[in-house]
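Below: the structure, in structure tokens.
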There are 2 protein chains.
Amino acid sequence: MAKREEILDTALEVIARDGYSRATVRELANSVGLSQAGLLHYFGTKEQLFVEILRRRDERDQRAYGEAVGAAGTAADIAGAFVRLVRHNAQVPGFVQLFTRFSSEASEEQHPAHAFFRDRYAVSRTITADTLRKLQEEGRLSPGLDPERLALMVFALIDGLQMQWLHDPDVDMADHVAYFWELVGLTPRTGGTPAG
Amino acid sequence: MAKREEILDTALEVIARDGYSRATVRELANSVGLSQAGLLHYFGTKEQLFVEILRRRDERDQRAYGEAVGAAGTAADIAGAFVRLVRHNAQVPGFVQLFTRFSSEASEEQHPAHAFFRDRYAVSRTITADTLRKLQEEGRLSPGLDPERLALMVFALIDGLQMQWLHDPDVDMADHVAYFWELVGLTPRTGGTPAG
DNA sequence: GTCTATATGTTGATAGAC
DNA sequence: GTCTATCAACATATAGAC
């Protein structure tokens, strides 16, 4: 199992650096010191490999940023967690490209990774909506707002910002996510790095 | 020239119906009653063909929705124009898929369609920001708001909503765009169909 | 487990006849 | 302009040896 994880971590680095187009099975195999067949021995198909790559990345980000969202005790915390997540993504363009392209390809129902993305979106929305609702019940978020809608919107906003940012790196993703939360009435606390 | 337009319109229909994966040059050629070579005779390469398809679509939408944004005389108008645009997009899933996938592929600088998308985003943002600023000067939009940021955000929101909607058709894109404008302090007037 | 070699399928692009 | 035929390039997947 250690070998699988080693492969995934190397693939993650290569993709973050070189982008999605270079991320063929052959290319990733070379980078990890295996032949194409050798790599597929571990993952079966390309789509399975890529889903595992995304899953591994999610595990990492979950520890660093996702937990901060779910465990947010204050309005500033949850807003800040999203800003930090996006700021982090801006450091790994290749990976943002992987996510955007693979997600758009998987939007067709027959695609092997379709269920992965559908579930991922649903879970992300639920966790965020739950946290927002909790804050609302504690009086830290305006009672007139709809947590479900806000949760869906913030992920849509992030995906769309990533798309524009990929075309134009001058687009400041974190700035716009912070502005979104300000519109909602939350001032993100973005200072410092998450303890993770 | 009539032939080119005929080809583009047919391609538009086929893609709106059957999605992006089916949209190979061969497939589109069949639908329009030409051989693959016959079709490429008009457009040279696949990427050029697809850019022309998107351009043609934009011309149409521009007449029906884009003008409504640029010419919006009231806050309700501009918000409503976006809601109607998104509502319209929800009728043509295949085309939304084409846009999303092609845009994500073209995010690399070497891609033949990269300039098209970059310019398209820039122009859309500018027109929208200009209109919002005008409304703001007339006192119809809260003076504390930033037109540039809002313009960029609404397009990001739409792109992201499309991504989620492609994975889960239950996502109500128009509802969330309307909610965005409400957060901003504008109530969209969505009734009726645009004259055009 | 890992490799080499190869099958298979798909697509976009081109040459050349009509 | 349009077709047929073919090429060339990939990329994934698999068979079989070691």
Tell me whether Thr100(A) contacts the main-chain N or O of Gln97(A) through its side chain, where contact means a donor paired with an acceptor under 3.5 Å. no

Let me know the distance between CG of Leu40(B) and P of dG12(C), rounded to the nearest Å. 8 Å

Can you check the Glu47(B) CD to dT11(C) C1' distance for me, whole Å? 11 Å

Residues that Glu47(A) engages under salt bridge (Lys or Arg N to Asp or Glu O under 4.0 Å), provided they are two or more places apart: none

In terms of the angle between their ring planes, are Phe117(B) and His167(A) parallel, tilted or perpendicular, with boundaries placed at 30° and 60°? tilted

Side chains of Glu108(A) and Ser21(B) only: does a donor on one sit below 3.5 Å from an acceptor on the other? yes

Please say which of Lys3(B), Arg4(B), Arg57(B), Arg56(B) ends up in a salt bridge (Lys or Arg N to Asp or Glu O under 4.0 Å) with Asp9(B). Arg56(B)

Main-chain N/O of Ala106(A) paired to His114(A) side chain as donor or acceptor, under 3.5 Å: yes

Rounding to a whole Å, what distance do you find between Glu105(B):CD and dT11(C):C1'? 13 Å

Rounded to whole angstroms, how far apart are CD on Glu6(A) and C1' on dG1(C)? 14 Å

Round to the nearest Å and state the distance from Lys46(B) atom NZ to dT14(C) atom P. 15 Å

Would you compute the distance between atom CZ of Arg118(A) and atom OG of Ser103(A) and round it to the nearest 0.5 angstrom? 13.0 Å

Looking at Gln164(A) and Tyr121(B), would you say the former's side chain and the latter's main chain have a donor-acceptor pair under 3.5 Å? no

Specify the separation, in whole Å, of atom CZ of Phe43(A) and atom C1' of dT14(D). 18 Å

Ring-ring centroid check Phe82(B) Phe155(B), cutoff 6.0 Å: yes

Got a sec, which residues hit side-chain contact (heavy atoms from CB on, under 4.5 Å) with Glu148(A), two or more places apart in sequence or on another chain? Ala129(A), Arg133(A), Asp146(A)

For nucleotides 2-4 of chain C, print each protein N/O atom paired with a nucleotide N/O atom at under 3.5 Å, atom names and distance only.
residue	atom	partner	partner atom	Å
dT2(C)	OP2	Tyr42(A)	OH	2.1
dC3(C)	OP1	Ser35(A)	N	3.4
dC3(C)	OP2	Ser35(A)	N	2.7
dC3(C)	OP2	Ser35(A)	OG	2.9

Taking DNA chain C as the partner, which of residues 11-21 of chain A come within under 4.0 angstrom of it by heavy atom? none

Whole-Å gap separating C1' (dA11(D)) and CZ (Arg22(A)): 16 Å

Extract all donor-acceptor atom pairs below 3.5 Å that involve side chains of residues 23-42 of chain A and protein atoms in other chains or at least two apart in sequence.
residue	atom	partner	partner atom	Å
Thr24(A)	OG1	Glu27(A)	N	3.1
Ser31(A)	OG	Glu27(A)	O	3.0
Ser35(A)	OG	Gly38(A)	N	3.0

Can you give me the bend angle of the helix from dG1(C)-dC18(D) to dC18(C)-dG1(D)? Use the axis through the first five pairs and the one through the last five, nearest 10 degrees. 10°

Nearest-Å distance, CD (Glu27(A)) to P (dC10(D))? 12 Å

